[in-house]
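Written below as structure tokens is the structure these notes are about.
In what follows, every heavy atom counts, from backbone to side chain, and hydrogens, waters and symmetry copies are set aside. This structure is a prediction, so every number in the text was calculated from the model and none was measured.
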Amino acid sequence: MTEFDPADHFAPDRLEKLGRLREAGVDPYPPAFRPSRSVGGFVDEYEDIEEIEDDTTHRLAGRVHRINDLGGIAFVEIEDESGAVQLILDEDTDGYEHIDELDFIDIVGAEGEAVRSNTGELSLHADSFTFLTKTLKHHNPPSQSELGDRYETRAVKFWWGEVRDPVETRYRMTRQLRRFLDDCGFLEVETPVLQNVAGGTDATPFETHLEAKDQEMYLRIATELHLKRLLVGGFEKVYEVGPVFRNEDIDVTHNPEFTMLELYQAYADYTDMMDLTEDLVAHLVEAAAGDLVVTYDNPLRDADGNVRTDEENDVLTEPVEIDFSPPWPRMTPEEAIERYSDESIDVTECDDEELRELALAHGGEFPGGYSRGLGIVELFENVAEYEIVDPTFVVDHPKETTPLCKDHREKEGRIERFELFAAGFELANAYTELNDPVEQGELFAEQVARREAGDEEAHQMDEDFLDALAHGMPPAGGLGVGIDRLAMLATNSQTIKDVIAFPIRGE
RNA sequence: GGGUCGGUAGCUCAGUGGUUUAGAGCGCCUGGCUCUUAACCAGGCGGUCGAGGGUUCGAAUCCCUCCCGACCCGCCA
């Protein structure tokens with residue numbers, strides 16, 4: 001049996017204070033306190049009153065952010081979620097005798113009346129003072145601390161608004177998202193995280209093991225194939241917002257687990273999805289940022305698309321204004337290449353080989369073999385994607401880019417797909433969903449071939465999904481939105497970690 | 001997978017052309033103080049310098065290996 005020795009884990013001086021409190025019969029961790037109001041509410045009521053003549057008793061609680069003990073009188077600033085206020089404790093205060101045991105960041109409660117200090121500061125003159133949570137770690141005031149990203153102290157970093165605000169805004173945005181879609185008649189559903197076949201996109205899955213059946217399983221890389229099964233089952237408007245897992249590396253716009261919205265609407269197509277995306281994203285940005293035009297400190301990139309940094313590895317940025325007011329421009333990949341490339345490349349003038357040379361020259365790669373469509377995509381990603389600032393739909397991709405999308409109703413070799421870009425990265429992806437089981441089977445087979453040819457991220461065959469599709473999925477539009485990235489733009493965060501409460505630890 | 005930078009007191013950091021006793025601010029401890037605002041005043045404690053090995057009369061400092069962290073590249077959303 002392993003003994004737990006607090007001295008191995010916690011600050012010795014605080015453990016001594018904890019012991020002294022217990023010896024004095026004070027519970028350092030009482031079960032409840034029940035404040036009569038928030039600190040912010042208290043401040044709001046009295047802050048404009050010069051001469052406070054009000055003997056109402058208030059009970060306030062919060063974390064200690066300052067202690068000025070003058071001996072005989074002490075000023076203790078506490079802060080809760082709504083604001084901060086100063087407590088005045090003196091020899092008449094019940095509990096003042098334990099002031100020596102009080103530390104910065106302890107959580108305390110006090111009961112008393114609103115007063116002004118001699119310097120005029122709104123305060124609560126405490127009749128009683130109670131320890132609510134004795135802390136056992138030291139912590140310096142913000143003026144003494146650097147804001148770091150170390151996971152183990154992440155809980156504490158939320159005290160400072162710089163860390164907390166983007167995360168809080170992100171959760172409020174998700175809340176708005178659910179309201180919006182619920183109001184549109186979508187049903188929120190949950191599909192399996194553990195899957196036999198990880199499909200729905202090209203990505204490397206996490207592998208795990210199911211002991212009960214002694215079989216390998218995967219964490220989902222997308223929710224697409226299960227949401228489509230729901231369409232087969234008669235659900236007509238469904239969405240899921242939740243984590244997906246991709247076993248790939250970590251950078252400013254990628255975290256191995258991230259939150260994705262996927263939604264599917266029966267009898268709709270990708271143009272309906274574009275309209276919905278404009279409404280939804282604009283609504284969310286406005287709700288989160290307070291305006292449809294947001295300022296974003298966009299990372300600067302060199303000619304190769306690499307992020308530029310200074311000697312201390314700080315990412316260099318330039319502020320850009322991103323205007324989310326609908327409607328947003330819609331252009332094909334070729335049009336985007338011509339518009340955003342420095343040389344105004346017109347790929348319609350290139351034959352297949354010229355296009356391949358051009359794509360390779362701009363850093364393109366073709367691990368699973370070259371085709372004209374893939375050449376266009378590589379060129380787009382290398383010359384155009386980073387240049388797009390305002391939200392822009394890139395539409396009608398080459399057929400090779402995904403095996404899950406329906407052929408374009410007019411354009412040969414194209415599919416009915418769009419991607420939404422803003423600030424140089426992809427925010428959303430949508431299709432007129434493929435519901436032809438034979439073509440789906442053929443496309444899966446092509447993927448398997450590509451996989452065997454060396455493209456490790458190509459799809460696997462999903463027989464169960466094909467079987468479902470063969471029972472009839474109505475024509476449908478589907479949409480995926482990267483919630484973390486949308487939150488980045490809405491909160492002017494330069495790294496995805498800033499909008500994730502507990503980002504994964506790097507190696 | 002490749003690269004850059006970093007790890008020194010509880011926290012944030014300085015110190016490294018090799019030298020006796022490794023520093024600062026904050027925190028902490030003792031004492032004082034009834035209107036403070038990072039309170040103040042006086043005194044004090046606190047570090048096997050990320051781990052291991054090597055070079056050397058002598059290593060926080062030079063070399064090697066490893067661990068951990070931040071960032072960049074490739075890939076991916």
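Checking the phosphate oxygens (OP1, OP2) of B:rC35, no side-chain nitrogen or oxygen of A:Asn118 falls inside 4.0 Å. In this model, the phosphate group of B:rG27 is not approached by any side-chain N or O of A:Lys137 to a distance below 4.0 Å at OP1 or OP2.
Pair assignment for B:rC66 gives B:rG50, based on Watson-Crick or G-U wobble hydrogen-bonding distances that are each under 3.5 Å. B:rG58 makes up no base pair with any nucleotide shown, lacking Watson-Crick or G-U wobble contacts both under 3.5 Å. Pairing for B:rA22 is absent, with no Watson-Crick or G-U wobble pair whose two atom distances lie under 3.5 Å. Base-pair partner of B:rG1: B:rC73 (Watson-Crick or G-U wobble, both distances under 3.5 Å). Pair check for B:rA42 finds B:rU30; Watson-Crick or G-U wobble, both atom distances under 3.5 Å.
Here, B:rG15 and B:rC73 have their P atoms 29 Å apart, quoted to the whole Å. Only the P atoms considered, B:rC64 is 41 Å distant from B:rG27, to the nearest whole Å. Taking the C1' atoms as reference points, B:rC68 lies 42 Å from B:rC41, given to the whole Å. Here the separation of B:rU12 from B:rG69, taken at their C1' atoms, is 16 Å to the nearest Å. Rounded to whole Å, the separation between the P atoms of B:rU21 and B:rC49 comes to 14 Å. For the C1' atom pair drawn from B:rU37 and B:rA9, the interatomic distance equals 28 Å after rounding to whole Å. When the P atom is compared between B:rU48 and B:rC66, the two are found 26 Å apart, to the nearest whole Å. Rounded to a whole angstrom, the distance from the C1' atom of B:rG1 to that of B:rC62 is 30 Å.
One can place CG of A:Leu70 at 14 Å from P of B:rG32, the figure rounded to the nearest angstrom. Following rounding to the nearest Å, A:Asp498 (CG) and B:rC71 (P) show an atom-to-atom distance of 9 Å. Look at CZ on A:Phe75: it is 13 Å from C1' on B:rC40, rounded to the nearest Å. Distance, A:Ile105 CD1 to B:rG10 P: 16 Å, rounded to whole Å. In this structure, A:Ile73 atom CD1 and B:rU37 atom P are separated by 13 Å, rounded to whole Å. Computed from coordinates, the A:Arg14 CZ to B:rG46 P distance equals 21 Å when rounded to whole Å. Rounded to whole Å, atom P of B:rU30 lies 8 Å from atom CG of A:Asp100. Regarding A:Asp69, its CG atom lies at a distance of 14 Å from the C1' atom of B:rU37, rounded to whole Å.
No engagement by A:Leu427 is indicated, since no non-hydrogen atom pair under 4.0 Å with the nucleic acid exists. Using a 4.0 Å heavy-atom criterion, one finds that A:Asn255 contacts the bases of the nucleic acid, with or without backbone contacts as well. Across all strands shown, A:Phe425 has no heavy atoms under 4.0 Å from either base or sugar-phosphate atoms. Using a 4.0 Å heavy-atom distance criterion, A:Asp90 is classed as making no nucleic acid contact. Using a 4.0 Å heavy-atom criterion, one finds that A:Glu77 contacts no nucleic acid atom at all.
Salt bridge absent: A:Lys228 and A:Glu262 never bring a charged side-chain N and a carboxylate O closer than 4.0 Å.
Judged by closest nucleotide on RNA chain B, A:Asp103 is the one of A:Asp103 and A:Ile67 placed further toward the 5' end.
Note that CD of A:Gln195 and CD of A:Gln460 are 10.5 Å apart. Values are rounded to the nearest 0.5 Å.
For A:Ser493 (side chain) and A:Val499 (main-chain N/O), no donor-acceptor pair under 3.5 Å exists by modelled atom type. With hydrogens and angles ignored, the 3.5 Å screen pairs no side-chain donor or acceptor of A:Arg246 with any backbone N or O of A:Ala203. Judged purely by atom type and a 3.5 angstrom limit, A:Asn298 has no side-chain atom pairing as donor or acceptor with the backbone of A:Val389. Remark: side-chain polar atoms of A:Thr402 are paired, donor with acceptor, to backbone N or O of A:Leu404 under 3.5 angstrom.
Set against B:rC28, B:rU34, B:rU36, the side chain of A:Asp13 has B:rC28 as its closest nucleotide.
Around the CD atom of A:Glu216, the shell of radius 6.0 Å holds more than 12 heavy atoms that belong to other residues, nucleotides or ligands.
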